[in-house]
K.L.:
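Can you keep this structure in mind? I'll have questions shortly.
In this text, all values refer to a predicted model and were calculated from it rather than measured experimentally. What you see below is based on every heavy atom in this structure, not just the backbone, and it leaves out hydrogens, waters and symmetry mates. Proteins come first, then strands; the chains are lettered A, B, ... in the order of their sequence lines, and each starts at number 1.
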Number of protein chains: 2
Amino acid sequence: MTLHRQSFIITENCPIRDVLDRLGDRWTVLVLHELATGTLRFSELRKRIADISPRMLAQTLRHLEQDGLVRREVFPTVPPRVDYALTAMGESFFERVEMLAQWAADHHEAVKAARRAYVAPAGNAPK
Amino acid sequence: MTLHRQSFIITENCPIRDVLDRLGDRWTVLVLHELATGTLRFSELRKRIADISPRMLAQTLRHLEQDGLVRREVFPTVPPRVDYALTAMGESFFERVEMLAQWAADHHEAVKAARRAYVAPAGNAPK
DNA sequence: CCGGATCCCTTTGGATACTG
DNA sequence: CAGTATCCAAAGGGATCCGG
């Protein structure tokens, strides 16, 4: 999500953006969800998420690591082994995300009902 | 965010996805933030968000309306006037989003510090 | 086993033009 | 005023190959 100059809330380093940009991509929440269950290796994460490509898994983990939400530990064995785990900050972040997920679960039926009941406003097409 | 078959958490109608897909786009949170201050007209929203295009504002509002988070009221006057306001569900949703934003504000410095301190793992480039 | 580099297709969203 | 239609550029992300 590239940010744009000149907006009410989007300033150069708006904290809200810094968080939401991460939630916006397709995999971050899933990775956090899996790591919340405990330390996992790269290949274990791949198995659990199943349809994530190694490229996106690595990228997602790099971002989370960079932000201090995930800790990466390398074992110089052969074959190599790399462990990933949530940091304390990662856990506290995930708590909030879970609360949002809880809201979603609680209101999912209401949202789906609203979608079914919805009728589009009469559009005014040009031409 | 197109969902893919066969994943641990991503099922056909995963509630988490239903929520996060909305948070992921660029404008939803901003629109919610503005509407949280009270009822607004289309053009008022445009002024407040400033760099949103009419296309994206309309699209974002349609989505929110469809999900039952925003109520749309048309006045058949001339010139036309359309009001937008959060529904009760929209307000309760925004509460959670704000809690996430609060976390972001609280930890923004820590995250930025982590980013500065971060050194990329020794890459293994081909060739 | 871990994960970077490259290629390429798909989706998102900005700019512009137009209508009821 | 309140939108919709169309076109197009940029970003996201999958597939594949490769090297430590």
K.L.:
I need the CG-P distance between B/Leu40 and D/dC1, as an integer number of Å.
P.N.:
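Checked: the CG to P distance equals 15 Å.
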K.L.:
The side chain of B/Ser43 lies closest to which of these nucleotides: D/dA2, C/dG3, D/dT4?
P.N.:
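Of the candidates, D/dA2 comes closest.
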K.L.:
What is the distance, to the nearest angstrom, from the NE2 atom on B/His63 to the P atom on D/dG3?
P.N.:
15 Å
K.L.:
From the options C/dC1, C/dG14, D/dG13, select the nucleotide whose nearest atom is closest to the side chain of A/Asp25.
P.N.:
D/dG13
K.L.:
Measure the distance from NZ on B/Lys47 to C1' on D/dA2 and round it to the nearest whole Å.
P.N.:
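Computing the B/Lys47:NZ to D/dA2:C1' distance gives 12 Å.
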K.L.:
Which residue, A/Met56 or B/Asp83, contacts DNA chain D at a nucleotide closer to its 5' end, judged by nearest heavy atom?
P.N.:
B/Asp83
K.L.:
Can you figure out which of C/dG4, C/dC2, D/dG3 approaches the side chain of B/Arg72 most closely?
P.N.:
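The listed nucleotide nearest to B/Arg72's side chain is D/dG3.
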K.L.:
Picking from C/dG3, D/dC1, D/dT4, which would you name as closest to the side chain of B/Ala58?
P.N.:
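Taking heavy atoms from C-beta onward, the closest nucleotide is D/dT4.
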K.L.:
Among the candidates D/dC1, C/dG3, D/dG3, find the nucleotide nearest to the side-chain atoms of B/Pro80.
P.N.:
D/dC1
K.L.:
Give the nucleotide from the list C/dG3, D/dC1, C/dC2 with an atom nearest to the side chain of B/Arg41.
P.N.:
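From the listed options, D/dC1 comes nearest.
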K.L.:
Scan A/Tyr84 against the nucleic acid and name what it touches under 4.0 Å (heavy atoms): base, sugar-phosphate only, or nothing.
P.N.:
sugar-phosphate
K.L.:
Does B/Arg55 contact C/dG13 through a side-chain donor or acceptor facing the base, at a distance under 3.5 Å?
P.N.:
yes
K.L.:
Atom CG of B/Leu57 and atom C1' of C/dT12: how far apart are they, to the nearest Å?
P.N.:
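These atoms are roughly 16 Å apart.
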K.L.:
Evaluate the side-chain proximity of B/Val82 to B/Arg72: yes if any heavy-atom separation is below 4.5 Å, no if none is.
P.N.:
yes
K.L.:
Just how far, in rounded Å, is P of C/dC2 from CZ of A/Arg46?
P.N.:
9 Å
K.L.:
Rounding to a whole Å, what distance do you find between A/Gln59:CD and D/dG13:C1'?
P.N.:
8 Å
K.L.:
With a 4.0 Å cut-off on N to O distance, would you call B/Arg22 and B/Asp67 a salt bridge?
P.N.:
yes
K.L.:
Nearest to the side chain of B/Trp27, which nucleotide is it out of D/dT4, C/dG13, D/dG20?
P.N.:
C/dG13
K.L.:
Pick the nucleotide of DNA chain C nearest each of B/Ile52 and A/Val74; which residue has the one closer to the 5' end?
P.N.:
A/Val74
K.L.:
Give a yes or no on whether a salt bridge exists between A/Arg62 and A/Glu65, defined as a side-chain N under 4.0 angstrom from a carboxylate O.
P.N.:
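Yes, this pair counts.
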K.L.:
What integer distance in Å separates A/Asp51:CG from D/dA15:C1'?
P.N.:
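For the pair A/Asp51 CG and D/dA15 C1', the rounded distance is 14 Å.
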K.L.:
Could you label the plane-to-plane angle of the B/Phe94 and B/His33 rings as parallel, tilted or perpendicular, counting under 30° as parallel and over 60° as perpendicular?
P.N.:
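Judged by the thresholds at 30° and 60°, the geometry between B/Phe94 and B/His33 is perpendicular.
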K.L.:
Do NZ/NE/NH1/NH2 and the carboxylate oxygens of B/Glu109 and B/Lys112 come within less than 4.0 Å?
P.N.:
yes
K.L.:
Whole angstroms only, please: what is the CZ-P distance between B/Phe42 and D/dC1?
P.N.:
11 Å
